[in-house]
> 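Structure below; questions to follow.
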Amino acid sequence: MDPQNIHRCFAALRVAIPEPKTELNYDSPFQLLVAVVLSAQSTDKAVNACTRTLFAAAPTPEAMVILGEDGIKAHIHRLGLFNAKARHVHALSRQLLALHDGEVPADRKALEALPGVGRKTANVVLNTEFGQPTIAVDTHIFRVGNRTGIAPGKTPLAVEQALLAAVPAEYRQDAHHLLILHGRYTCTARRPHCGHCPIFPCCEWPDKHRWAAESSPGGA
DNA sequence: ATCCCGAGGG
DNA sequence: CCCTCTGGAT
């Protein structure tokens, strides 16, 4: 996709998605980090539901260690992969205390060295908590990047690099947020809502017209 | 490439 | 019933 068209897409997204709209505001980088670790292969709703009670019981790494793996499980057992996630959150909390004085490091290498934290999670923390212009490529962003033609790539890393190269500087800080909400609510996996898509005119997806009819405000 | 492993949507 | 959901580690 040519640069001017990409610029058009982000301008349209910014108008359509005005507010940060964080459905749940976390008190600390630690809580955000835990929430992102829990979000693997889980819906945002499910994660928000269990983090509410989890952080009420254990808001800090210290409290999380005391709560223990089984205590953590009691809060997140409705999530998929809850066994591994409880283990990761517990180990991660201990490691923060042991190596980083209980603080979440603002460094990619240190973040990725934590249990259950990979490139995607590190990018979210770096962007959300430390203001770095990273783009965390999850399934939503991967799909949107490829489907629209904004940032095609065969792997998440390829899409991330394509985005870093293609996104105009003025949108780089917000790109992650804009793309993820677009994928979550409009450019959905199974049945994209092309009928009311803000970037329909600049989208290069060959099949977009097929779904526009079905999702138009008046169509099926 | 495979495991982890539950809820909700279609 | 099958698939997807803001993945990461082995």
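Lettering follows sequence order; numbering is per chain, from 1. The shown structure was predicted, so the numbers you read here are calculated from the model rather than taken from an experiment.
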> Distance check, P atoms only: C:dT6 and B:dG10, in whole angstrom units.
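The answer is 13 Å between these two P atoms.
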> With A:K73 as the cation and A:F82 as the aromatic partner, state whether NZ or CZ is under 6.0 Å from the six-membered ring centre and within 45° of the axis.
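No, A:K73 does not sit over the ring of A:F82.
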> Looking at B:dA7, I'd like to know if its phosphate oxygens (OP1 or OP2) sit under 4.0 Å from a side-chain N or O belonging to A:R78.
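For B:dA7, OP1/OP2 do have a side-chain N/O of A:R78 under 4.0 Å.
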> Please give the distance between the C1' atoms of C:dC5 and B:dC4 as a whole number of Å.
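After rounding to an integer number of Å, I get 14 Å for this pair.
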> Go along nucleotides 4-10 of chain C 5' to 3' and tag each nucleotide: B for a protein heavy atom under 4.0 Å from its base, S when only backbone or sugar atoms are that close, - otherwise.
SBBBSS-
> Does any pair with a residue in residues 116-140 of chain A pass salt bridge (Lys or Arg N to Asp or Glu O under 4.0 Å), and if so which ones, sequence neighbours excluded?
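As it turns out, the salt bridge (Lys or Arg N to Asp or Glu O under 4.0 Å) pairs with a partner in residues 116-140 of chain A, which skip direct neighbours, are A:R119-A:E160.
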> Look at the aromatic rings of A:W211 and A:W205 and report parallel, tilted or perpendicular, splitting at 30° and 60°.
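Taking A:W205 first and then A:W211, their aromatic rings lie parallel (interplane angle under 30°).
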> Would you kindly give the CD1-to-P distance between A:I76 and B:dC5, to the nearest whole Å?
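Those two atoms, CD1 and P, are 11 Å apart.
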> Check whether any side-chain nitrogen or oxygen of A:N83 sits under 4.0 Å from OP1 or OP2 of B:dC4, and answer yes or no.
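Looking at the OP1 and OP2 atoms of B:dC4, neither is under 4.0 Å from any side-chain N or O of A:N83.
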> Say you pick atom C1' in C:dT4 and the same atom in B:dC5; how far apart are they, in whole Å?
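That atom pair is separated by 14 Å.
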> Scan side-chain atoms only and decide if A:K85 and A:S42 contain a donor-acceptor pair under the 3.5 Å cut-off.
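Checked: A:K85/A:S42 side chains pair up, N/O donor to acceptor below 3.5 Å.
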> Using 0.5 Å steps for rounding, measure from the CG atom of A:L163 to the CD1 atom of A:I135.
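The CG atom of A:L163 sits 4.5 Å away from the CD1 atom of A:I135.
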> How close do A:P115 and A:A91 get, heavy atom to heavy atom, and via which atoms?
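Closest approach of A:P115 to A:A91: CG-CB, 3.9 Å.
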